[in-house]
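Scroll down for the structure; my scribbles are underneath it.
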2 protein chains.
Amino acid sequence: MSPRLSSHKPQAKAQIFAALGDETRLSLLIRLSDGQRQSIAQLTEGSKLTRQAVTKHLRILERVRIVHSTRAGRESLFAFNPEPLDELKRYLDLVSERWNQTLSRLKSFVEINDE
Amino acid sequence: MSPRLSSHKPQAKAQIFAALGDETRLSLLIRLSDGQRQSIAQLTEGSKLTRQAVTKHLRILERVRIVHSTRAGRESLFAFNPEPLDELKRYLDLVSERWNQTLSRLKSFVEINDE
DNA sequence: ATAATATGCAACCAGGAGGTTGCCCTATGG
DNA sequence: CCATAGGGCAACCTCCTGGTTGCATATTAT
């Protein structure tokens with residue numbers, strides 16, 4: 001019923017996790033998750049970083065489809081895309097499930113846990 | 001009711017995501033999520049990597065508490081800890097929630113989405 | 001037309017990440 | 001007691017990452 005862990009490509013997941021493994025990119029993600037499309041210049045405001053740095057981060061997020069950009073005149077607008085995050089959540093659920101199966105299995109042994 | 005996004009420390013979350021942003025560490029995580037404690041030597045088996053490399057990865061996972069180690073004789077056994085992953089799931093849920101609020105808000109405008 | 005705005009591209013740089021090797025220390029099994 | 005198995009520590013190397021700067025290009029506003 002639930003897709004097995006083995007059916008997930010680990011490298012793809014790792015790439016998404018890695019994209020989220022940066023404070024700057026997380027904050028960009030938060031700013032975009034409110035649904036407002038924002039230009040690079042807008043996203044750079046209040047960021048202490050250069051526009052180029054922000055651009056690089058956005059491209060990284062874009063490569064794993066957490067974000068996607070469309071050109072509008074002279075500016076390129078970035079928008080949030082929740083799909084990859086949902087994918088990660090499902091992945092984490094599978095790990096949890098695997099873990100919980102173990103717990104119930106252990107419970108049947110009625111072991112004393114001397115942790 | 002649900003904790004706001006602003007109450008989460010972004011750098012802490014970024015560190016956890018970063019810890020998961022590596023294929024080797026993801027596979028270690030999978031191997032440990034079955035509940036069996038495993039030594040470094042065991043985890044190194046079939047890994048193509050050196051024991052030292054595996055150790056480094058384990059330490060990274062340990063620093064964010066995804067894994068924890070206990071010394072048992074001459075070997076140190078690593079065990080999985082699901083808490084940080086649950087934390088991440090909650091975090092991702094908050095982002096999704098933020099996103100969905102926007103969707104319903106947009107829906108009230110009855111806009112034509114020409115994406 | 002011109003100036004200003006928004007971005008792209010490329011080179012460059014410092015530091016960190018992933019990985020290896022060598023050596024030392026501590027348990028454990030004969 | 002000695003050989004061996006399991007690890008820790010530290011040095012070292014290479015490559016990627018995050019960031020910057022400089023310059024070129026395309027829109028937009030005046």
Side-chain angles (χ1 to χ4, degrees), chain A residues 9-32 36-80 84, chain B residues 9-32 36-80 84:
Chain A
K9 303 165 194 164
Q11 67 180 35
K13 298 289 178 300
Q15 263 191 294
I16 305 180
F17 278 123
L20 297 176
D22 179 283
E23 211 172 329
T24 301
R25 289 196 288 272
L26 271 190
S27 66
L28 285 173
L29 172 62
I30 300 300
R31 287 185 64 166
L32 285 172
Q36 300 293 330
R37 292 183 177 190
Q38 281 179 268
S39 69
I40 297 178
Q42 285 178 310
L43 290 168
T44 301
E45 283 185 58
S47 166
K48 294 176 186 172
L49 294 185
T50 314
R51 172 181 57 86
Q52 291 302 333
V54 174
T55 301
K56 282 193 180 180
H57 284 298
L58 288 171
R59 296 304 173 199
I60 290 174
L61 289 173
E62 190 178 27
R63 206 186 319 152
V64 294
R65 296 175 39 249
I66 291 179
V67 126
H68 77 108
S69 67
T70 55
R71 200 62 191 257
R74 69 180 159 188
E75 56 191 358
S76 73
L77 298 178
F78 282 79
F80 175 68
Chain B
K9 302 168 197 165
Q11 67 179 33
K13 299 290 178 297
Q15 263 191 295
I16 305 180
F17 278 122
L20 297 175
D22 180 281
E23 212 172 327
T24 301
R25 289 195 290 271
L26 271 190
S27 66
L28 285 172
L29 172 62
I30 300 300
R31 287 186 63 165
L32 285 172
Q36 299 294 331
R37 294 182 176 191
Q38 280 179 270
S39 70
I40 297 179
Q42 284 177 311
L43 290 167
T44 302
E45 282 186 60
S47 166
K48 293 177 185 170
L49 294 184
T50 314
R51 172 179 56 85
Q52 291 303 330
V54 174
T55 301
K56 283 192 180 182
H57 285 297
L58 287 172
R59 296 306 174 197
I60 290 175
L61 289 173
E62 190 177 28
R63 205 185 319 152
V64 294
R65 297 175 37 250
I66 291 178
V67 125
H68 78 109
S69 66
T70 55
R71 201 62 192 260
R74 68 181 160 187
E75 57 191 356
S76 73
L77 298 178
F78 282 79
F80 175 67

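It should be emphasised that the depicted structure is a prediction, and the values quoted were computed from it without experimental measurement. Order of the sequence lines fixes the chain letters, A, B, ..., with proteins taken first and strands second; residue numbering starts at 1 for each chain.
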Problem set entry | For atom CG of A/L43 and atom C1' of C/dA6, their distance in whole Å | 13 Å

Seminar exercise, completed: Between CD of A/Q38 and C1' of C/dT7 the distance, given in whole Å, is 16 Å

Exercise. Any side-chain N or O of B/S76 under 4.0 Å from OP1/OP2 of D/dG6?
Worked result: no

Exercise. A/E75 side chain: which of C/dT7, D/dG7, C/dG19 is closest?
Worked result: C/dT7

Exercise. Judged by atom type as modelled, is there a donor-acceptor pair below 3.5 Å linking the side chain of B/R31 to the main-chain atoms of B/Q36?
Worked result: no

Problem set entry | D/dT27 phosphate, OP1 or OP2, under 4.0 Å from A/R71 side-chain N/O | no

Can you tabulate the close N/O pairs, meaning under 3.5 Å, that link protein atoms to atoms of nucleotides 28-30 of chain C?
| from | atom 1 | to | atom 2 | distance (Å) |
| --- | --- | --- | --- | --- |
| C/dT28 | O4' | B/R74 | NH1 | 3.2 |

Exercise. What is the distance from CG of B/D22 to P of D/dC16, rounded to the nearest Å?
Worked result: 14 Å

For this session: Nearest whole angstrom, please: distance from the C1' of D/dG7 to the CD of B/E45.
Result: 15 Å

Exercise. Nearest heavy-atom pair of A/Q15 and A/V64: which atoms, and what distance?
Worked result: O-CG1, 3.8 Å

Problem set entry | Whole angstrom value for the distance that separates C1' of D/dG18 from CZ of A/R63 | 13 Å

Seminar exercise, completed: Within residues 49-60 of chain A, those residues having any heavy atom closer than 4.0 Å to DNA chain C are A/R51, A/Q52, A/T55, A/R59

